[in-house]
Each structure stands twice: as structure tokens, then as C-alpha cells.
Amino acid sequence: MANSETATAPKTVKLEPKKLTTTGSLAVIDALLSESVDLIFGYPGGAIMPIYDALYDFNDKLSHILVRHEQGAIHAAQGYARVSGKTGVVFATSGPGATNLVTGLADAQIDSTPLVCITGQVFAHLLGTDAFQETDIINITMPITKWNYQITDASEIPEILAKAFYIAKTGRPGPVLIDITKNAQLQLFEYIGYRPCIHIRSYRPEPIVRMEYIEKAATIINNAKKPFVVFGQGVILGNAEKEFTNFIEKAGLPAAWTIMGMSAMPTDHPLGVGMLGMHGNYGPNVLTNECDVLIAIGMRFDDRVTGRLDKYAKQAQIIHLDIDPAEIDKNVKTTVPVWGNCKETLPLLTELLDTKTHPEWMNEFEIRKEKETSTLITKELNPTEGGLTMGEVMNVLNELTDGNAIIVTDVGQHQMVACRYTKQNISRSNITSGGLGTMGFALPAAIGAKFGAPERHVVAIMGDGGAQMNIQELGTIMQFKSNVKILILNNSFLGMVRQWQELFHEKRYSFTDIQSPNFVKVANAYGIDGKQISKREELKASLKEMLDHPSSFLLEVAVLHEDNVFPMVPQGKGVAEIVLSKEEI
């Protein structure tokens, strides 16, 4: 009688070695629970409806955040993953639901964010017939996922989802997409339980650490007169912040971060010399071409960091630590490659280093910092006349948060200003779209970040252009009462494009003058309080009001209409050719 009841009640799923009869949809839910997933971002539709039906009975164990657009779902999952260190999970239906994930998948792939996206698909017998809402999402997303797979039979679900989570979160993380046909979701099959994946033949998430290269690297660093560390998000993804700090402090190594590496060490650390890249700090860019040893850790030598490769650090020996062997020698030829997770390789390297300081070399950074400060930073952060600058908004925000807030930026001038000037003391605090540069990222990513760290202030900083790209996610904030602070820096332009048009296209402002709605009224329509300001004397009190407000709050700040972000490495130039003003271009 018990066996008969089990056969007619497929919604009873338990992790037991005996065989049970269940549906593919319930097997999906059990996989998520077994992987300790407790939060899903998604949007239902016809092809994924059986999975949503199964989810209905597990609301006490699995929270689901109903976004307003699938792009919002995947960016929210990215924000959640980046802040929490967990794997973000997304549900979407077939056709347009699945294709709306494409931008987020590409963003997550280039920024190494672990995601498992589960999409519904039409019945297997309809594949290839151009059925309603059928799209070949596997071939569409193959170049922008770490792995993808289409399931047409329910018996595959446990194994494939186990592989999906293993691949997404191990080695260099990334997004995985699993497409499940509707028949597989509905299908009954004999289920023996979920077994997490711990190994896949031919997939080596972490390369073998070779001690001979560690030893060679240590010898080069010990003999260096002008060593320089450049580090990226690999330090954060490897949970190697402590190991990294021990490394630079023992050998007295000046260190500069990429925008993705920001917050791996406190921004005011004595050995921190600032941000690299096109709009990074003056000193680390110029001195890249004066160091004798360049130690790259968990970064990929992106073009925004290197400028012209034929002018990049040609005088230096290059040591590159990375978990992904494909990044070694891809853009910059290395003297010594150090393969492996930096959490493992950095302590091995640190053990072999001499205890040193480099006061004269550090002074070179200080000299250039003083030049940048006197020429640019002081007037950006503490102007005495004219309109509000983006820099002074960041400066006051620092004063109020003391560097303890999570800063989620969109893409554009405000992004560069925020990354240049915000103070950050805690790792996983700088959430931005780095490699893809996705406008519309900030608002949904901030929602996800708040779910990932509910005890911390989350401030979404965006321009008036990017704010309108996923503005519908204000509805998600409204429904789920997500306490996100929204800061819009409004210059009535697509600012970064306008800056390039001014500097390199003779001020031919082609379609960058953008009109916006009354953002505060839009927020109010979603039940979110807010205010607009344009005067310097209003700034500090208004930012404090935003931060102290018991729920979400939108603050729109009118900033200078035509302001530029400097320093800047002009197009086609090397990093040492960075300029501090437009007069130098």
C-alpha cells in the first residue's frame, strides 16, 4: 500500500537511497535545496510553468523574487552572487524570456560571476518546428556561458544540475544555462536522490601549482628595486584577501587595483596606490612603465588597464598569478607564470619573500599622488563655486558611510567617479559591470546585493541614462520592500559618450542630450520616497536623509551639465601617456 501511495503522490521528494517516483520539476527543486539555494530571481511563463508549480509547495524553503524583466532577474542574481559569494539562481521561460537573459549572461561571463540559469523550453517533439516561443537558446548562449546544456528527459535533471552548480562555482566562476523542455519538467521518473558533483572528467577547475615557478617568482621579487603589484577580482573570488595583504605587507609592495579588484584591500591601506586604467589614478598608470617587476594577480590585462599593448610595461619582468591558464600570455607576455588559485599560491610565494620596504619607490607614487591631488582631486572633491560635481557627491557619501557601504554602480562617468573616489573598507563592496559595461545594471544588481547582505547599506549610483534602462525594477523594490538607496547623478547627458564627443569629435553632440522623467515622481508612483536637489548646501543633509530613511529612497542630484572625468588615457595611447586635463590632449 505504501508503494502505491508513493507512486500516486510524486510531490513527496526526500533524499533517500531508495527509488521514488517524482517529476522532473520536483527534481529541479530538490537539486536547488540540496545545493543550499534559498533565493531565486525569476519571471514565470508557459514553458517553465511546471517548475513554478513545483516551487509553490516550497515557499517556506525557497524564496522567489519576481522581477519586472528577465534582464532584471539576471543582474539581480549577479549582485547577489558578487556580494554573498554564493551562486546566483535565475528562472526564465522560453523564447523572449530566455533571450532577455543574454546581456546578463555575457556580463557574468566576462566578469566571472557564478550563476545557474534555468530556462523552460517547448516540448521536445516541437524542437526545430518554430513552435510558439521556441528559441534555440543553447546555440545563442554557447559563446557567453561557461557551460550550457539542454535537458529533454527528466532522468538527466539530477546529474546535469549537479554539474551546473559545480562548473559555475569552481575554478574561474561563470554563468551556466540549463534549458529544460516542458515534457521533461512534467515527466515521471524513478528518482534515487541528488548527488552533488565533485569531479568531471576532463574539467580541471584549478591547475596544478608548480613550485619551480613559485620559486622563480620569489627570486625575481626579492631582487626587485621597483616592484609593483596590480590586482583584480581574482583575489576576491579566491577569498584570498588576507593572503594578499600578507603578501604585499611582507615585501613592502605598492599595489593598485582594477575596478573589479577594488575592495579586496581597504582603499586607504598604506600600500594601496590607487586604481588602474583609463580613468584610474595618475601614479599607478605612469609608474607601470617604470617598475622593474610587475606582479599581476587575478586580473586579465584588459585593454582599459593596459592601453596600447606595445607600450605597456616593456621594461619590466612580468609575473602573472591566475587560476585560468588561458589568461596567461593572452595579452601580455609573462616572464614567470604562476598557475593556481591565489589563495593557495600567495602563501607559498609569501613564505619565500624577504621582509622589505621600498621607501624611495613608494615616494614616487606619493609625488604623483600629490600632483594629481593639487591639479585635479581637490577641485573635484571640494569645489567652492559652480554646480555640484560628481566627485563632491562621492566625497560627502564617504563621510557619511565611512567606507562601509556596498556601492553598486551603473556604467558611465558616474561609475568612473565612484570607483575613483568612494572609500571602501570591506571586501565585496564594489559591484559594477566591468568587462561588458552594461548600462541598466545598477538598479537590479543593487536589489540582489541587498538580498545578499541585508545588514549593510546598499547604494545604487547611476546616471540619468542608465537609470531609465531598467527603471521598471522599482516595482520589484516596491513589492519586496527592498531597502535600496538610489542615487541618480543627473547631468542631462549620456555623459561618457558626450565627453568623448567633446574631446575627440569636435563637440558634435550626436544624440547624447537626453531628457528624463521626474525621477522622484516615478519613484513615488512605486511607493518609494525621494527628493531632488541641485544646491551644494543641500547635499550632506539630503544624503544623510537618504541613508537614514527606514526604507528605500531615491535621491536625484543635478550635477554639472558638461563635466569630464579625468585623468584619462586617450584613445590609442599608452598608460604612461595619461593626462590630467583636456588641455593636455
Side-chain angles (χ1 to χ4, degrees), residues 206-236 238-258 261 264-276 281 283-299 301 305 312-323 327-329 332-369 427:
E206 297 189 14
I208 296 172
V209 176
R210 299 177 61 173
M211 277 306 299
E212 63 266 34
Y213 288 159
I214 299 281
E215 292 165 358
K216 287 179 181 179
T219 299
I220 291 172
I221 296 170
N222 285 334
N223 291 328
K225 304 299 183 198
K226 296 181 177 181
F228 182 31
V229 173
V230 295
F231 67 93
Q233 191 188 196
V235 174
I236 297 170
N239 298 309
E241 294 90 345
K242 181 178 179 181
E243 291 80 1
F244 174 79
T245 303
N246 292 340
F247 168 72
I248 63 170
E249 288 181 347
K250 182 176 182 180
L253 304 171
W257 52 83
T258 68
M265 63 186 291
T267 49
D268 60 358
H269 190 285
L271 290 170
V273 295
M275 186 175 78
L276 297 159
N281 292 106
N285 277 291
V286 170
L287 294 177
T288 294
N289 280 10
E290 294 186 25
C291 66
D292 58 358
V293 176
L294 185 69
I295 307 140
I297 304 174
M299 54 89 73
F301 289 113
V305 166
Y312 184 78
K314 292 301 179 182
Q315 79 293 340
Q317 296 186 82
I318 309 290
I319 299 168
H320 192 175
L321 288 74
D322 209 283
I323 199 169
E327 291 297 341
I328 305 291
D329 293 333
V332 173
K333 181 67 177 175
T334 40
T335 309
V336 179
V338 179
W339 300 313
N341 187 331
C342 59
K343 190 171 184 68
E344 178 182 2
T345 57
L346 279 173
L348 295 172
L349 186 53
T350 303
E351 180 68 24
L352 301 178
L353 294 184
D354 298 334
T355 301
K356 282 187 176 183
T357 58
H358 299 275
E360 293 183 2
W361 176 229
M362 285 296 300
N363 191 52
E364 293 295 316
F365 289 93
E366 190 61 33
I367 290 169
R368 285 156 181 84
K369 180 179 179 180
S427 187

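As the structure is a computational prediction, the values presented were derived from the model and not from experiment.
A search for salt bridge (Lys or Arg N to Asp or Glu O under 4.0 Å) contacts involving E360 returns nothing, not counting sequence neighbours. For K242, there are no salt bridge (Lys or Arg N to Asp or Glu O under 4.0 Å) partners, not counting sequence neighbours. With sequence neighbours excluded, no residue satisfies side chain to side chain donor-acceptor pair (under 3.5 Å) with N289. In this structure, the side-chain contact (heavy atoms from CB on, under 4.5 Å) partners of T335, at least two apart in sequence or on a different chain, are I220, Q317, I318. Legend: residues meeting ring-ring contact (aromatic ring centres under 6.0 Å, His included) with F244, ordered by chain and number and at least two apart, are F231. Residues passing the ring-ring contact (aromatic ring centres under 6.0 Å, His included) test with F301 are Y312, H320, sequence neighbours excluded. Partners of T267 under the side chain to side chain donor-acceptor pair (under 3.5 Å) rule, at least two apart in sequence or in another chain, do not exist in this structure. When the side-chain contact (heavy atoms from CB on, under 4.5 Å) test is applied to E249, the partners found at least two apart in sequence or on another chain are T245, H269, L271. Residues satisfying the side-chain contact (heavy atoms from CB on, under 4.5 Å) criterion with P207, sequence neighbours excluded, are I323, P325, W339.
Listed by first and then second residue, the side-chain hydrogen bond (donor to acceptor under 3.5 Å, both in side chains) pairs that reach into residues 216-230 come to none, sequence neighbours excluded. Screening residues 343-354 for side-chain hydrogen bond (donor to acceptor under 3.5 Å, both in side chains) gives E243-K343 as the qualifying pairs, with residues at least two apart or on separate chains. Note on residues 284-299: pairs passing salt bridge (charged side-chain N to carboxylate O under 4.0 Å, His left out), not counting sequence neighbours, are E290-R368.
For NZ of K369, the number of neighbouring non-hydrogen atoms (other residues, nucleotides, ligands) closer than 6.0 Å is 12 at most.
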